[in-house]
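Please find one structure pasted underneath; my questions will follow.
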Amino acid sequence: MGQKELESFLKGFIEKESLFKNKKALQSAFMPETIVHREKEVKLLANILAPSLKTEKPSNLFIYGKPGTGKTLTTKYITKNIINIASQNNVPVNLLFLNCKLKKIADTEYRIVAQLARDLGKAIPTTGLPTEEVYKIFFEAIDSKSGIIIIVLDEIDQLVKKAGDEILYNLTRINEDLKKSQICLIGISNDLVFLDNLDPRVKSSLSEEEILFAPYNALQLQDILRERCKVSFREDTLEEGLIEKCAAFAAREHGDARRCLELMRVAAEIAERKNEKNVKISHLDEAEDKIERDRIFDTIMSLPKQSQAVLYAVMSFQNNDEYVFTGDVYSIYKNICAKTGLKPLTQRRLSDIIGELDMFGIINAKVISKGRYGRTKKISVPMAEQIKEKIKKSLETAMEI
DNA sequence: AGGTATTCACATGAAACTATTCTCTGAGTTAGG
DNA sequence: TAACTCAGAGAATAGTTTCATGTGAATACCTGT
């Protein structure tokens with residue numbers, strides 16, 4: 001592209017009418033005015049949390065449901081409203097919202113408590129203090145406040161998986177020692193059986209109330225999507241039946257609303273890039289492809305080097321044959337290691353890595369018996385040749401071959 | 001022909017080892033009294 | 001003297017290796033016809 005051409009393209013880009021009016025409405029962090037199809041849950045939640053407005057401690061609450069069912073959104077919505085009302089009426093209610101999945105911020109006991117204390121305005125060093133000390137600071141911070149403190153722990157299952165349930169036990173017990181204030185705990189989890197693996201004491205106190213968020217069905221997804229699209233697109237940008245199709249796609253995959261919105265957004269982006277005036281159903285298909293491709297690409301690129309090397313080995317053998325066996329992969333893998341200076345792992349480990357790649361859905365690995373010639377895994381890569389080449393190239397640069 | 005035994009090439013498990021990350025302790029430092 | 005920092009000890013954890021055992025069916029080897 002020459003200088004002139006580029007200039008006119010960029011100028012055109014500014015002048016061009018975008019399909020989007022407000023792209024944010026299709027992003028997962030967006031907070032809509034009203035929450036569609038969660039009336040029952042909203043009401044229930046409001047009922048449970050309302051006592052905080054009278055400075056009475058609400059029951060601890062455990063919320064669970066599959067991803068993309070509006071758990072976080074609904075909770076944020078309610079708590080935000082409660083805080084608003086509370087401040088209007090001068091009722092002391094505090095909110096601490098913590099997503100436990102954020103690495104380096106909230107995935108160990110120390111970090112959680114430290115982060116909570118920081119949210120209350122205390123300065124805590126990242127390391128150096130005994131955990132107990134941090135608890136003490138946190139406790140003092142709380143005790144200096146009065147009224148109700150609502151603590152929301154999002155993706156609480158991740159936390160317990162990494163750091164155990166001791167924190168939860170301590171947090172539920174802390175109320176006994178507080179004089180002026182009370183803590184109300186809300187745990188949000190994607191994992192439906194999470195509660196069962198919990199210490200019974202924690203379990204009973206955390207789940208004084210439970211709310212299950214069921215997946216949306218296709219019709220509900222349509223409504224949600226329609227609502228958001230109204231905000232985010234100009235009129236008449238969507239082809240007839242597009243919303244229905246998009247909802248149907250997502251409903252097929254466990255009714256995940258986040259997916260549904262993403263699908264629509266990506267489809268529209270594709271349409272826009274193609275300079276089309278409407279988003280068409282064909283764009284949806286492309287979007288589904290693209291999302292899946294991106295997902296695979298992302299997982300591959302965030303894999304550890306060893307796994308990448310194994311994957312590369314699998315893919316290099318793929319050229320002529322449909323499938324490879326573990327032994328073949330291992331010998332190629334060792335060559336690759338020699339070339340890149342990577343320390344080769346044992347075949348035992350390689351076998352596990354192949355299993356992991358299979359779990360991720362990047363490759364297919366099936367155990368078969370070749371009779372007299374042993375037992376092994378039959379490995380294939382279910383990808384279009386083009387994409388495979390692209391991934392191979394990226395892996396080569398990533399591993400500096 | 002039909003049945004049994006063998007054998008291959010890994011799979012799968014468990015325990016031991018290692019490197020890394022966290023947490024905690026005590027020494028040293030700083031600042032205020 | 002109390003509070004704060006920070007390096008290093010010790011504990012927890014994740015990633016691997018080592019050792020041991022298991023596995024499904026194509027083939028080799030019988031056995032009796």
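Any value given below was found using the heavy atoms of this structure, including those in side chains, with hydrogens, waters and symmetry copies removed. Chain letters run A, B, ... following the sequence lines, proteins first, then strands; residues in each count from 1.
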query: So, is A/Thr376 near the phosphate of B/dA9, with a side-chain N or O under 4.0 Å from OP1 or OP2?
result: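 Checking A/Thr376 against B/dA9: no side-chain N or O falls below 4.0 Å of OP1 or OP2.
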message: I want to verify a distance call: between C/dT18, C/dG24, C/dA26, whose nearest atom is closest to the A/Ser369 side chain?
response: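 For A/Ser369, the side-chain atoms sit closest to C/dG24.
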- prompt: What is the distance from NZ of A/Lys366 to P of B/dT12, rounded to the nearest Å?
  reply: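 Interatomic distance, NZ of A/Lys366 to P of B/dT12: 13 Å.
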For atom CG of A/Asp352 and atom C1' of B/dA15, their distance in whole Å: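 Answer to the nearest Å: 15 Å.
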query: Taking CG from A/Leu342 and P from C/dG15, how many angstroms apart are they, rounded to a whole number?
result: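 Taking atom P of C/dG15 as the reference, CG of A/Leu342 is at 15 Å.
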- prompt: Which residue lies toward the 5' end of DNA chain B, A/Gly327 or A/Arg348, if each is placed at its nearest nucleotide?
  reply: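 In this pair, the answer is A/Gly327.
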query: For the base of C/dG24, is there a side-chain donor-acceptor partner from A/Arg372 under 3.5 Å away?
result: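 Answer no: no donor N or O sits under 3.5 Å from an acceptor.
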- request: Taking only the side-chain nitrogens and oxygens of A/Ser351, find out if one of them lies under 4.0 Å from OP1 or OP2 of B/dA11.
  value: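 Answer yes for this pair, as a side-chain N or O of A/Ser351 is under 4.0 Å from OP1 or OP2.
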- prompt: For A/Ile353 and C/dT16, what is the distance between atoms CD1 and C1' respectively, to the nearest whole Å?
  reply: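 Going from A/Ile353 (CD1) to C/dT16 (C1'), I get 10 Å.
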- request: Measure from the side-chain N and O atoms of A/Asn60 to the backbone N and O of A/Leu185, and report whether any donor-acceptor pair falls under 3.5 Å.
  value: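 Confirmed, A/Asn60 side chain pairs with A/Leu185 backbone.
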query: With a distance cut-off below 6.0 Å to the six-membered ring centre and an angular limit of 45° from the axis, does A/Lys366 pair with A/Tyr323 as a cation-pi contact?
result: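 No, cation not above the ring by the 6.0 Å, 45° rule.
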- prompt: Which whole-number value in Å describes the distance from A/Leu350 CG to B/dA9 P?
  reply: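 About 17 Å, once rounded to whole Å.
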field: Interatomic distance where CZ belongs to A/Phe325 and P belongs to B/dA11 [whole Å]
entry: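 Going from CZ in A/Phe325 over to P in B/dA11 covers 11 Å.
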task: Working to the nearest 0.5 Å, report the span between OH of A/Tyr333 and CD of A/Gln306.
output: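 The distance works out to 3.5 Å.
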message: Let me spell it out: for each of A/Lys370 and A/Arg375, pick the nucleotide of DNA chain C with the closest heavy atom. Which residue's pick is nearer the 5' end?
response: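 The 5'-side residue here is A/Arg375.
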query: Over how many whole Å does the gap from A/Ile368 atom CD1 to C/dG22 atom C1' extend?
result: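 Nearest whole value for this atom pair: 17 Å.
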query: Which of the following nucleotides, C/dT27, B/dA11, C/dT17, is nearest to the side chain of A/Tyr373?
result: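 Closest of the options to the side chain of A/Tyr373: C/dT27.
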message: Distance check needed: B/dA9 C1' versus A/Ile354 CD1, whole Å only.
response: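 Taking atom C1' of B/dA9 as the reference, CD1 of A/Ile354 is at 13 Å.
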message: Surrounding NZ of A/Lys57 (heavy atoms of other residues, nucleotides or ligands, distance under 6.0 Å), is the total greater than 12?
response: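 Above 12, so yes.
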- request: May I ask you to establish whether A/Arg295 and A/Phe360 are in a cation-pi arrangement, using a distance under 6.0 Å from NZ or CZ to the six-membered ring centre and at most 45° from the ring axis?
  value: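 Because its charged atom misses either the 6.0 Å distance or the 45° angle limit, A/Arg295 does not stack over A/Phe360.
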